[in-house]
Amino acid sequence: MSTPYRAGAFRLSPEDYRALTDAAQANPEAYWQDQGKRLDWIKAPSNAQDTGTGWFSDGTLNASFNCLDRHLKTRADQTALIWQAEEAEHIIRLTYRDLHERVCRLANVLRDHGIRRGDRVAVHLPTVIEGVVSMLACARLGAIHVVLFGGFSPEAIADRLADSGASLVITANVGRRGAKRIPFKTTMDSALSLRPDSLSVKHVLVVSVTDEPVPMQAGRDDMLNPLLASASASCPIETMASTDPLFLLYTSGSTGKPKGIVHGTGGYLTWASYTHELVFDHQAGDVFWCTADIGWITGHTYVVYGPLSNGGTVLLFEGMPSHPKPGRWWDVIQAHKVTTFYTSPTAIRALMREGNDVPREYDLTSLRVLGTVGEPISQEAWSWFDDVIGGGRCAFVDTWWQTESGGILISPVPGAVKEKPASATLPLPGVNPILVDDKGHPLEGATEGVLCIDGSWPGRALTIWNDDALFETTYLRPYPGHYFTGDGARRDEDGYYWITGRVDDVINVSGHRIGSAEIEDALAAEHAIVESAAIGIPHDLKGQGIVVYAVARDPSHPDLEMLAVRAIAAKVGRYAVPEKVYIVPDLPKTRSGKNVRRLMRKIACGETDGLGDLSTLADPEIVEVLIAIVQG
Ligand code: PRX
């Protein structure tokens with residue numbers, strides 16, 4: 001079991017933390033103005049809080065400058081980025097000077113290809129240095145990056161390219177995963193050919209990860225490496241308003257269409273810097289390893305903007321946790337003396353299965369802070385990570401947040417907030433969570449309810465791309481005056497928060513957020529299927545797994561399950577493929593025609609004893625039919 005507080009080793013004491021919380025409470029405007037000073041502004045903002053015009057609204061700055069140029073005076077020769085290839089002997093170390101130079105070169109290449117402030121640039125890359133460089137190069141020019149997860153299908157990529165109106169794409173010939181090659185360029189080619197009329201992509205720049213050739217379309221595609229070699233190594237920064245978008249990142253909600261969450265520049269970067277320093281106890285000499293892909297918000301905030309704005313050293317690992325043999329991650333921690341290790345409960349569950357002897361072969365004593373994000377962690381996984389990896393010496397931060405929040409909102413602070421295994425504990429200073437009942441009434445004391453955030457915080461998303469109204473109706477309208485998170489939570493007698501999971505139809509598979517409606521829409525496009533419902537059920541390894549109930553046009557068709565799986569893989573991606581597809585004669589519906597998901601979930605989980613009142617169903621007999629099918 002972890003030692004409470006573990007005082008002494010960390011930047012903040014419980015008293016320091018209390019002073020921050022009190023200051024944020026007493027005068028939020030002064031508190032946030034002060035936090036805004038962690039950035040270098042071109043024009044310092046005269047106000048901090050969002051009073052309708054956004055955070056730090058009259059300030060101007062450049063995010064790339066804040067992550068690079070401003071460090072050149074004091075830490076040009078410090079390592080900014082360590083890239084560790086799958087092969088142990090293949091390591092690239094970039095100092096802040098090197099990284100700045102690479103970013104300038106790429107920014108110049110982008111400018112030569114017509115990219116200007118406000119343009120959207122899609123980034124679709126494996127874990128290579130160019131991912132980080134691309135983001136900061138866009139930021140330098142004021143172009144808006146749209147990073148696309150490597151696991152998206154061509155359809156999913158095309159949807160996001162169309163919605164964002166991206167005019168340039170940065171991709172790779174291939175990604176490497178063991179002996180396998182992931183076909184990045186040909187996946188992008190398929191995406192670009194799907195519905196060319198709705199896309200604005202004029203240029204595709206291709207990073208050579210290996211020397212494997214890929215088809216190139218003359219006039220549209222260029223290999224990036226030779227262009228970088230001949231580009232100038234200096235590039236002026238664009239002056240951006242605090243509220244100008246820095247990036248779009250697509251995430252799933254309860255509609256089928258992915259939402260392009262828009263993050264601004266000044267507020268977001270302040271939040272990235274504030275939370276990275278506070279939650280990860282950032283200190284000089286730290287080696288920070290966040291295992292998230294840069295295609296997700298965790299990678300944006302804690303691989304790139306948080307640690308680099310704070311002048312930290314970031315590790316990027318190309319490989320997998322247990323390839324070529326179990327223990328590869330522990331080997332990386334040992335080799336690079338990682339101090340701060342941030343990963344997902346899904347990864348921990350998988351690594352636990354390899355047993356305790358594997359990590360014990362490695363020296364993990366460099367670790368000081370362990371963190372998790374993305375899904376609830378069980379007490380068992382928490383304790384294993386804390387004991388076997390952290391040796392009971394480390395601070396453990398179970399961080400709760402989401403794409404829309406820009407950075408962490410609820411988390412322990414090392415040395416200052418006493419942990420409880422599997423609780424995200426307390427809000428960061430300046431964050432005001434509340435629990436409300438179904439009608440939106442705030443609940444007091446130890447209780448359970450819907451998690452909302454009272455007021456705002458600098459990292460909150462600006463809007464949804466092309467859809468301000470949807471932002472309002474999704475987050476601000478359900479509980480007026482509060483931001484609606486989509487999560488449920490319990491608060492205990494110490495005021496600690498325990499996240500209970502989504503209260504909407506979002507499924508969390510291995511930390512990947514997938515909307516039920518996305519899967520149902522994919523199946524609606526498959527002719528053989530008339531109607532479907534996708535449900536999340538508990539899964540030992542993935543946290544949640546997906547189960548689909550589908551009504552077939554012709555139930556005697558022999559390949560219905562395969563067709564369903566194919567439709568989902570094609571429209572969404574393989575990461576959304578269900579554990580099980582049940583072909584059923586009908587779905588349980590209320591008399592007004594609404595699917596009763598609660599019932600379908602219980603049946604899929606085998607909890608058939610307490611199904612409750614079935615009299616409101618249009619056809620109560622369907623329940624027995626579904627049970628028989630599921631129990632096979
Ligand atoms: O349900 C919560 C869960 O992940 C959702 C956000 O997903 P996404 O936008 O993809 O961002 C993931 C990385 C920040 C949340 O609404 N979630 C995130 N962190 C936790 C969590 N659930 C429980 N505990 C957490 N620490």
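Indexing begins at 1, ligand by ligand and atom by atom, following the structure's order.
Interface atoms of ligand 1 facing Val373, defined by a heavy-atom separation under 4.0 Å, are 13 (C), 14 (C). Residue Ile499 has at least one heavy-atom neighbour below 4.0 Å for each of these atoms of ligand 1: 22 (N), 23 (C). Of all atoms in ligand 1, numbered sequentially from 1 with element shown, those under 4.0 Å from a heavy atom of Asn508 are 3 (C), 4 (O). Residue-ligand proximity, Trp401 to ligand 1, at heavy-atom distances under 4.0 Å covers atoms 6 (C), 14 (C), 15 (C), 18 (C), 19 (N). In the vicinity of Pro376, heavy-atom distances shorter than 4.0 Å reach the ligand 1 atoms 22 (N), 23 (C), 24 (N). Using a 4.0 Å cut-off to heavy atoms of Thr399, the atoms of ligand 1 that qualify are 19 (N), 20 (C), 25 (C), 26 (N).
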Under the criterion side chain to side chain contact (heavy atoms under 4.5 Å, CB included), I'd like the reasoning laid out for Arg490 against Tyr497: C-alpha separation, chi angles, the key distance, then a yes or no. CA-CA 6 Å; Arg490 181 167 72 78; Tyr497 288 85; over 6 Å; no
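Looking at Leu470 and Lys259, their side chains come closer than 4.5 Å, going by heavy atoms from C-beta outward. Side-chain contact check for His263 versus Pro245: every heavy-atom pair is 4.5 Å or farther apart.
At the shortest separation from atom 24 (N) of ligand 1 among protein heavy atoms lies Glu375 O, 3.4 Å. The closest protein non-hydrogen atom to atom 8 (P) of ligand 1 is Thr403 OG1, 3.5 Å. Closest to atom 6 (C) of ligand 1 among all protein heavy atoms lies Gln402 CB, 3.4 Å. Among all protein heavy atoms, the one lying closest to atom 12 (C) of ligand 1 is Gly374 CA, 4.3 Å. At the top of the distance list for atom 1 (O) of ligand 1, counting protein heavy atoms only, stands Asp487 OD1, 2.6 Å.
Phe149 and His512 have their aromatic ring centers within a separation under 6.0 angstrom. For Phe184 and His124, the distance between ring centers is under 6.0 angstrom.
Considering backbone and side-chain N/O of Asp398, one or more are found under 3.5 Å from N/O of ligand 1. At a 3.5 angstrom cut-off on N or O pairs, Arg513 counts as close to ligand 1. Considering both main-chain and side-chain atoms, Thr298 never comes within under 3.5 Å of ligand 1 through any nitrogen or oxygen pair.
The aromatic rings of Trp32 and Trp271 sit tilted, their planes meeting at an angle between 30° and 60°.
Panel note: side chain Asp293, backbone Gly295; a donor-acceptor pair is recorded below 3.5 Å.
The nearest pair of heavy atoms linking Gly267 to Ser242 is N-OG, 3.9 Å. The heavy-atom pair separating Cys138 from Val121 by the smallest distance is SG-CB, 3.6 Å.
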